[in-house]
Amino acid sequence: MSSQILPFTEANSRRIASLFRQAMRTAFDHSLKFDVYRNATINIRSQFQANKDVSDPEEVDRLVKECEAKLQHWKHPDPYISPCRPGGTKYERNIPVARTPLIPGDW
């Protein structure tokens, strides 16, 4: 239990918020229609809301590990990448032309 974080602290809030965002992204990767995605997000939100008042540190760790295991299980093999982000289809498509000589040396 070396990574145990006390409940109701800023560190725990960030940890849970990160898991929530990962769950939302995973749901987005698996849904092709908005209504399916919306239903998945409502389900995820209700699961997080059900455990928001847990104050026992061991219980919090158990819930976090359970959530991480679910995320790993549901991880999409080909996740959505925004076109302009690294790995996207438009990333560095129109790189500015270099102003220096491409071949170094004094010709």
Side-chain angles (χ1 to χ4, degrees):
M1 302 214 177
S2 61
S3 67
Q4 186 178 38
I5 297 176
L6 296 175
F8 309 116
T9 61
E10 186 177 348
N12 188 52
S13 297
R14 284 191 212 156
R15 185 180 184 190
I16 301 302
S18 174
L19 288 172
F20 184 73
R21 285 191 300 272
Q22 289 176 28
M24 291 295 164
R25 283 188 216 111
T26 302
F28 183 75
D29 291 339
H30 281 280
S31 60
L32 299 174
K33 297 183 178 179
F34 181 77
D35 58 338
V36 175
Y37 170 67
R38 180 68 179 142
N39 290 334
T41 59
I42 291 170
N43 185 20
I44 292 168
R45 176 77 180 207
S46 67
Q47 290 176 19
F48 274 82
Q49 287 289 330
N51 297 313
K52 75 176 183 176
D53 294 324
V54 175
S55 61
D56 182 29
E58 287 84 20
E59 181 72 13
V60 170
D61 277 342
R62 186 189 67 76
L63 289 170
V64 166
K65 287 178 181 158
E66 183 180 307
C67 181
E68 289 170 346
K70 278 185 183 181
L71 287 172
Q72 190 62 31
H73 178 264
W74 286 101
K75 184 177 179 181
H76 198 278
D78 188 21
Y80 174 77
I81 300 173
S82 180
C84 295
R85 303 285 298 172
T89 56
K90 289 174 61 177
Y91 182 66
E92 291 187 349
R93 180 179 286 179
N94 298 319
I95 300 174
V97 178
R99 301 286 182 207
T100 60
L102 297 178
I103 300 174
D106 187 19
W107 299 94

Sorted by chain and residue number, the side chain to side chain contact (heavy atoms under 4.5 Å, CB included) partners of Phe20 (sequence neighbours excluded) come out as Met24, Ile44, Arg45, Phe48
Let me see the working for Ile42 and Ser46 under side-chain contact (heavy atoms from CB on, under 4.5 Å), right down to the final yes or no.
CA-CA 6 Å; Ile42 291 170; Ser46 67; 5.6 Å; no
Within 6.0 Å of CD in Glu10, more than 12 heavy atoms from elsewhere:
no
Would Gln22 and Thr26 count as having a side-chain donor-acceptor pair, cut-off 3.5 Å?
no
With sequence neighbours left out, what residues match Val54 under side chain to side chain contact (heavy atoms under 4.5 Å, CB included)?
Asn51, Glu59, Val60, Leu63
Checking Asn39 side chain against Asp35 main chain: does a donor-acceptor pair fall under 3.5 Å?
yes
Could you check Val64 against Ile16 for side-chain contact (heavy atoms from CB on, under 4.5 Å), going step by step and ending with a plain yes or no?
CA-CA 8 Å; Val64 166; Ile16 301 302; 3.7 Å; yes
Shared ILVMFWY cluster between Tyr80 and Tyr37, side chains joined below 4.5 angstrom?
yes
If every non-hydrogen atom of Pro79 is compared with every non-hydrogen atom of Asp29, which pair is closest and at what distance?
CB-OD2, 3.2 Å
Which atom names give the shortest non-hydrogen contact between Val36 and Ser31, and what distance separates them?
CG1-CB, 4.1 Å
In a check of side chain to side chain contact (heavy atoms under 4.5 Å, CB included) between Tyr91 and each of Ser82, Cys84, Pro83, Pro86, which one passes?
Pro86
Is the shortest distance from a Lys or Arg side-chain nitrogen in Arg62 or Glu58 to a carboxylate oxygen in the other one below 4.0 Å?
no
OG1-CZ distance between Thr89 and Arg85, expressed to the nearest 0.5 angstrom:
13.5 Å
If you measure from CD on Glu66 to CD on Gln47, what distance do you get to the nearest 0.5 Å?
9.0 Å
